[in-house]
Structure formats: structure tokens, C-alpha cells
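This report concerns only the one structure given below.
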Amino acid sequence: MNLNIQNKTSIHIRRYQESDFPRIQELNQEEGWNNLVEKIEDTKEAWENSNVSFVVEVEGGEIGGYIRGLTDRHITLFICELLIDKKYRGLGLGKELLQHVHGLYPKTRMELLASSTSHTFYEDQGYRPFYGFRKTFEE
């Protein structure tokens with residue numbers, strides 16, 4: 001899918017390829033998502049086993065962001081990660097990725113977790129907060 005965002009930047013949303021992984025890890029590191037960076041093999045396996053995995057290319061073919069998630073295609077679409085390179089934020093790339101993925105599975109409800117710094121982005125897109133829980137096996 002090719003789009004022009006805010007009449008400035010031409011983008012292309014495409015499925016994840018294994019060769020994208022090093023750039024994804026760079027973005028994770030720049031964002032301080034150390035759990036994903038440190039658990040490199042687990043993170044790579046997560047990408048290989050996700051049925052929702054897309055990157056957004058900006059002009060010149062650079063990966064400017066990504067979205068990864070899971071869906072049953074009928075009820076639930078869960079977004080595990082959405083990350084846009086800091087230099088491309090504010091251009092609408094995150095919004096386009098969310099709309100693209102939800103458009104592929106329009107019958108689903110999209111669910112995701114947000115940080116204290118990103119929740120306003122999702123609220124501005126019309127998402128409503130919900131109450132949830134999280135626990136790792138080790139806890």
C-alpha cells in the first residue's frame with residue numbers, strides 16, 4: 001500500500017520480512033525497549049510467529065516504523081507493539097499502520113496496551129481505555 005502522509009512523505013506499508021529484523025531491533029533499542037533488545041532470539045521468534053506483522057517504509061525505503069500483533073481474524077486483533085522512529089513521529093504513520101491492519105480484519109475489535117506517554121495518541125484516534133492485567137510466568 002502506497003500513501004502520501006500529510007502531503008509530505010510518501011510511505012509504503014508492507015509485510016515484515018526477516019531482513020527487516022535488524023532495523024526493528026535498532027528502533028527497539030532507540031526507544032529503550034530493552035526487554036525486546038536483550039531477548040533477541042525470543043523477539044525474532046515472536047516476529048516469525050505473529051500473523052500481524054508490517055513495516056512502514058518512508059521515502060528512500062528506510063523503515064520508519066512497525067506494527068506487530070496477533071488476530072483470530074473474527075473477534076480479536078491484539079497489537080503487541082507499534083513503534084515509529086522518533087524522526088517520523090507526528091506525520092501520521094502510526095495512524096496509517098493501525099488503520100491498515102484493522103482494515104484487513106474489520107470484524108475484529110482492536111486491543112492494545114499503551115504507556116503513560118502514548119495513551120493520548122490512542123485516545124486521539126478514538127480508542128477507549130479498558131482495564132486489564134499482565135503477568136509473566138516467572139512472577
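For the residue pair Leu97 and Leu82, the shortest heavy atom distance occurs at CD1-CD1, 3.8 Å. The two residues Arg15 and Asp20 make their nearest non-hydrogen contact at O-OD2, 4.2 Å. Taking all atoms of both residues into account, the shortest heavy-atom contact from Ala46 to Ser50 is O-OG, 2.6 Å. Between Thr108 and His102, the shortest heavy-atom contact is O-NE2, 2.8 Å.
Between the side chain of Glu59 and the backbone N or O of Ser10 there is at least one donor-acceptor pair closer than 3.5 Å. Using a distance-only test at 3.5 Å, with no hydrogens or angles considered, no donor-acceptor pair links the side chain of His12 to the main chain of Val55.
Taken together through direct or relayed side-chain contacts under 4.5 Å among Ile, Leu, Val, Met, Phe, Trp and Tyr, Ile40 and Val37 form parts of separate hydrophobic clusters. A chain of hydrophobic side-chain contacts below 4.5 Å, direct or via other Ile, Leu, Val, Met, Phe, Trp or Tyr residues, connects Leu112 to Tyr105. By the criterion of side-chain heavy atoms lying less than 4.5 angstrom apart, applied directly or through intervening Ile, Leu, Val, Met, Phe, Trp or Tyr residues, Val52 is grouped together with Ile13 in one hydrophobic cluster. Under the 4.5 Å side-chain heavy-atom criterion for grouping Ile, Leu, Val, Met, Phe, Trp and Tyr, Tyr88 is not connected to Ile24 through any hydrophobic cluster. No chain of hydrophobic side-chain contacts below 4.5 Å, direct or via other Ile, Leu, Val, Met, Phe, Trp or Tyr residues, connects Val56 to Leu27.
Listed by chain and residue number, nothing satisfies the side-chain hydrogen bond (donor to acceptor under 3.5 Å, both in side chains) test with Lys95 (two or more places apart in sequence, or in another chain). Judged as a side-chain hydrogen bond (donor to acceptor under 3.5 Å, both in side chains), and not counting sequence neighbours, the contacts of Asn28 are Gln25, Tyr66. Shown here are the side chain to side chain contact (heavy atoms under 4.5 Å, CB included) partners of Lys107, two or more places apart in sequence or in another chain: His74. For Phe54, the ring pair (Phe, Tyr, Trp, His ring centres under 6.0 Å) partners two or more places apart in sequence, or in a different chain, are His100. Judged as a salt bridge (Lys or Arg N to Asp or Glu O under 4.0 Å), and not counting sequence neighbours, Arg73 has no contacts.
If you chain together ILVMFWY residues whose side-chain heavy atoms come under 4.5 Å of each other, Leu70 ends up in a group of its own. Ile75 belongs to no hydrophobic cluster with other residues, because no ILVMFWY side-chain heavy atom falls under 4.5 Å from its own, directly or through intermediates.
Screening residues 37-48 for salt bridge (charged side-chain N to carboxylate O under 4.0 Å, His left out), with sequence neighbours left out, gives Glu18-Lys44. The salt bridge (charged side-chain N to carboxylate O under 4.0 Å, His left out) contacts involving residues 76-85 comprise Arg23-Asp85, Arg68-Glu81, where partners must be two or more places apart or lie in separate chains. Every pair tested for ring pair (Phe, Tyr, Trp, His ring centres under 6.0 Å) that includes a residue from residues 23-45 fails, sequence neighbours excluded, so the list is empty.
Counting heavy atoms from C-beta outward, Val101 and Thr71 have side chains that stay 4.5 Å or more apart. In this structure, the side chains of Leu93 and Ile11 come closer than 4.5 Å at one or more pairs of heavy atoms.
One distance of note links CH2 of Trp47 with OH of Tyr16; it measures 7.0 Å at 0.5 Å rounding. The CD1 atom of Ile79 sits 4.5 Å away from the CE atom of Met110 when rounded to the nearest 0.5 Å. Rounded to the nearest 0.5 angstrom, Thr76 OG1 and Arg109 CZ are separated by 3.5 Å.
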